[in-house]
Amino acid sequence: MYAQVIVDLSAEAVDRLFTYAVPGNMDLAPGMLVQVPFGPRRLDGFVVSLSETCDLDPERVKPILGLSRPEPVVLPDLMELAEWMHLRYLCNLVDALRLMIPAEMRGGRVRELTRRFVRLNLTDAELAAIEEKYRRAPKQLEILRLLQEGDLPAARLDASALKALEKKGAVTVYDEEQRRKPLALAGEARTKDPELMPEQRAAAARLTAALEGGGGRFLLHGVTGSGKTEVYIRLIRRALELGRTAIVLVPEIALTPQMVSWFHGRFGGDAAVLHSALSAGERFDEWRRIRSGGARVVIGARSAVFAPLQNIGAIIVDEEHESTYQSDHRPRYDAREVAWKRAAQHGAVLLLGSATPAISTYMRAMPGVRPENRLELIELRRRVKGRPLPEVEVVDMRGELERGNHSLFSARLSGELRRCLDGGHQAMLFINRRGHSTFVSCRACGYVVRCDQCDVSMTWHQAENALRCHYCGKTLPPPKQCPQCGSGYIKYFGAGTQKVQEEVRRLFPDARVARMDVDTTREKDAHARILERFRSGDANVLVGTQMIAKGLDFPNVALVGVVAADMSLNLPDYRSVERTFQLITQVAGRAGRAEVPGRVVVQTYDPDHYCIQMAAAQDYRAFYTRESAHRRAALHPPFTVIARIVFSAKAPEDAKAAAESAAEQLGEFLDARDMRRDAVQLCAAEAPIKLLRGEARWQLFLKMYFKADMEAVAGRMQALADAAPEGVRAELEINPSNLF
Ligand code: ADP
Ligand code: ZN
Ligand code: ZN
């Protein structure tokens, strides 16, 4: 027997099948992880297929050295999925295969955790006589007495006495596997399903009918607080009843501990979590629990779409508009797309859910879309129990300055916050830091302190009194004088979470403020601790970045303040308006989710912008209509496809030359295929961030109509990237989630 193996080495040159001989006694199957000799090394490899014969000289075929795991680790459907990804995302097959198993399983860096236990091995008759028999070995006697109550861990017993007993056959020592259980799955009693609201019931009925009828693809568009989670749960229940399994993807597990505990509460031991913040052992144990059928509902971040479940009935993507579903390193896959493919493999229901679907997703739910691309729209227009959506008020901050208010908070927001705290309620204050932060600038000449490695403004961190670059991590002491004009008026500008927190403390000494941002959440489980402080009422004001915009459900929140709504509106990215709309709508949706009615104050310098207006009205449909018309006119995606190759090099002229040469070659390729007309834009230019970690960045930028043969173009672009000259790094990105 011979095995065709992909070795666990990510390089273009070795991304092909290598043949090895299967030793006679080895029970091998496709999908297994094995160890193989590779040159002088011993590497892991994935068995792709088996054959009786081989074309090579048998003398030269080396044997497989051993099995890394006793069972196949990549199931057949996942093997097929990896091959699909290899073609779709132009990645090495091994890069796709690596996503299918816990990282530490490769190279055997993690294994089962076992503990030794001791069991009593005596008959009743023998037991009756132990006092007599062991009179002169009191330690052994004590152990025997303890064991009569039940088995005990060996570590707790006297080692030499235990050894003596084992030798006599009085006890048996055995290993038992210990499950390393993620914190998120600790405690929590099983809770019951509430009765559904009419809209929820209709949604669940439609979805379960599809499940029973062989699958389908849906977009669940439900306003914030409409109870989408409950609909997911009903769909999953039905899937389990039918003997099938389910995957629930969430944007970031750490930010949604509530979601995990709800699922755990409903599905108990059937629920498993998979995400990167687990310890290696936890992830390995959860993965095996899923693989063996011990857990049938998987909740996790992006890569949980590869969970080794069989017979999947439903794949749910919650908050589907989040950019975290797109991987920003190789393989650059989109988990929603993979979910689409995997659902099709299993005849499962694909369900994308959001209060603010991505423009590109919603478009697929509109009439006129071809059946193979279509999503069926299901809407939840009302909050549960007839609760109203929160009232949103837009405050023009320009007026505040004229009135002499230099605080971060408008009179309106301060007033509402006072009322909220006096009423014993809680408030959330949101500051959007994407693309903007507390940069340091000179009030005399306008000089901004930028990172000399990355060409982005540096952020002031009060705790260390240092400037830090959020791209490369470089820190600098804050300047006392402007390096450009010498003025001493060089100040911290804009509002960060810290500043908001201080402002609350200054204006409301009685407030108990918690803060959630990158700085306060570096430690493991920090998110959960901060959210718990707020949930329990220990804190009554929660200040945070987009981290607090997602999915949180706190019944006592009466006020949400959006401190500066338009900070991200003017970034050089065609999605900045869409993202601002999503953020404001989502964060506003955190207010008034239970009995306490909600109020939202949105502060902005651009109160007439349609994005702010429509987010305040929480009118997704109006926003979609306006924004998609704009995209169509401006030829932005999803009406076109954006692809680019970023060339980075120490010397700017190298990056430039590589980009220009690639652009020329791509132009020739398009001409030869008569596709030039389909290209809206093809150019070589400096990337929006010209310098990153000390390297100059140029890009080949391509915007193309959809109808073009994008696969051929992408293939050509990948070849151009692979052919980048020595000393130049090249990365191909198709519809990248960020254009910096
Ligand atoms: P969404 O994700 O749509 O914003 P959630 O799923 O978080 O909404 O639900 C909002 C709140 O309403 C949660 O506290 C949830 O437990 C509650 N809820 C959902 N459905 C029902 C129902 N049918 N009856 C009572 N409460 C419900
Ligand atoms: Zn200056
Ligand atoms: Zn930097």
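Ligands are counted one by one from 1 in listed order, and the atoms in each one are counted from 1 as well.
The CD atom of E319 lies 4.5 Å from the CD atom of Q586; values are rounded to the nearest 0.5 Å. Interatomic distance, R234 CZ to R266 CZ, rounded to the nearest 0.5 Å: 7.0 Å.
Between S226 and ligand 1, at least one pair of N/O atoms sits closer than 3.5 Å. Between W262 and ligand 1, a contact under 3.5 Å exists for no N or O pair. By the 3.5 Å distance cut-off applied to N or O atoms, E230 is not counted among the residues near ligand 1. When only interatomic distances are considered, the shortest N/O to N/O separation between K228 and ligand 1 falls below 3.5 Å. Close N/O approach between G227 and ligand 1 is found [any backbone or side-chain N/O within under 3.5 Å]. Considering backbone and side-chain N/O of R387, none are found under 3.5 Å from N/O of ligand 1. In terms of polar-atom proximity, defined here as any N/O pair under 3.5 Å, T224 makes no such contact with ligand 1. For the pair P194 and ligand 1, the shortest N or O to N or O distance does not fall below 3.5 Å.
Residue contact check: R593 has heavy atoms under 4.0 Å from atoms 1 (P), 4 (O), 5 (P), 7 (O), 8 (O), 10 (C) of ligand 1. The contact set between ligand 1 and K385, taken as ligand atoms under 4.0 Å from a residue heavy atom, comprises 25 (C).
The pair D285-R179 does not count as a salt bridge, with every side-chain nitrogen at least 4.0 angstrom from each carboxylate oxygen. Between E532 and R529 there is no salt bridge, since none of the side-chain N atoms of the basic residue sits less than 4.0 Å from a carboxylate O of the acidic one. Remark: D422 does not engage R419 in a salt bridge, criterion side-chain N to carboxylate O under 4.0 Å. The pair R515-D517 counts as a salt bridge, with a side-chain nitrogen and a carboxylate oxygen less than 4.0 angstrom apart.
Protein heavy atom closest to atom 22 (C) of ligand 1, with residue, atom name and distance, is E195 O, 3.6 Å. Protein heavy atom closest to atom 14 (O) of ligand 1, with residue, atom name and distance, is D553 OD2, 2.4 Å. Nearest to atom 4 (O) of ligand 1 among the protein's heavy atoms is G225 N, 2.7 Å. Nearest to atom 6 (O) of ligand 1 among the protein's heavy atoms is T229 OG1, 2.6 Å.
The proximity of V223 to ligand 1, defined as any non-hydrogen pair under 4.0 Å, is limited to the backbone. Proximity of V384 to ligand 1, defined as any heavy-atom pair under 4.0 Å, is confined to the side chain (atoms from C-beta onward). Residue-level proximity to ligand 1 for Q200 is carried by the side chain, the only part with a heavy atom below 4.0 angstrom.
In summary, the aromatic rings of Y610 and F581 are positioned with their centroids too far apart to meet the 6.0 Å limit.
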Which is it for S226 and E199 under the side-chain hydrogen bond (donor to acceptor under 3.5 Å, both in side chains) test, yes or no, and what are the steps along the way?
-> CA-CA 9 Å; S226 57; E199 280 186 326; over 6 Å; no
Apply side chain to side chain contact (heavy atoms under 4.5 Å, CB included) to the pair L389 and R383, showing each step before the final yes or no.
-> CA-CA 7 Å; L389 280 166; R383 284 190 155 183; 3.6 Å; yes
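Nearest heavy-atom pair, L99 versus Y333, reported as atom, atom and distance to 0.1 Å: CD1-CE2, 3.7 Å.
Ring-plane geometry between Y574 and H636 is classed as parallel, the angle between the planes falling under 30 degrees on a 0 to 90 degree scale with a further cut at 60.
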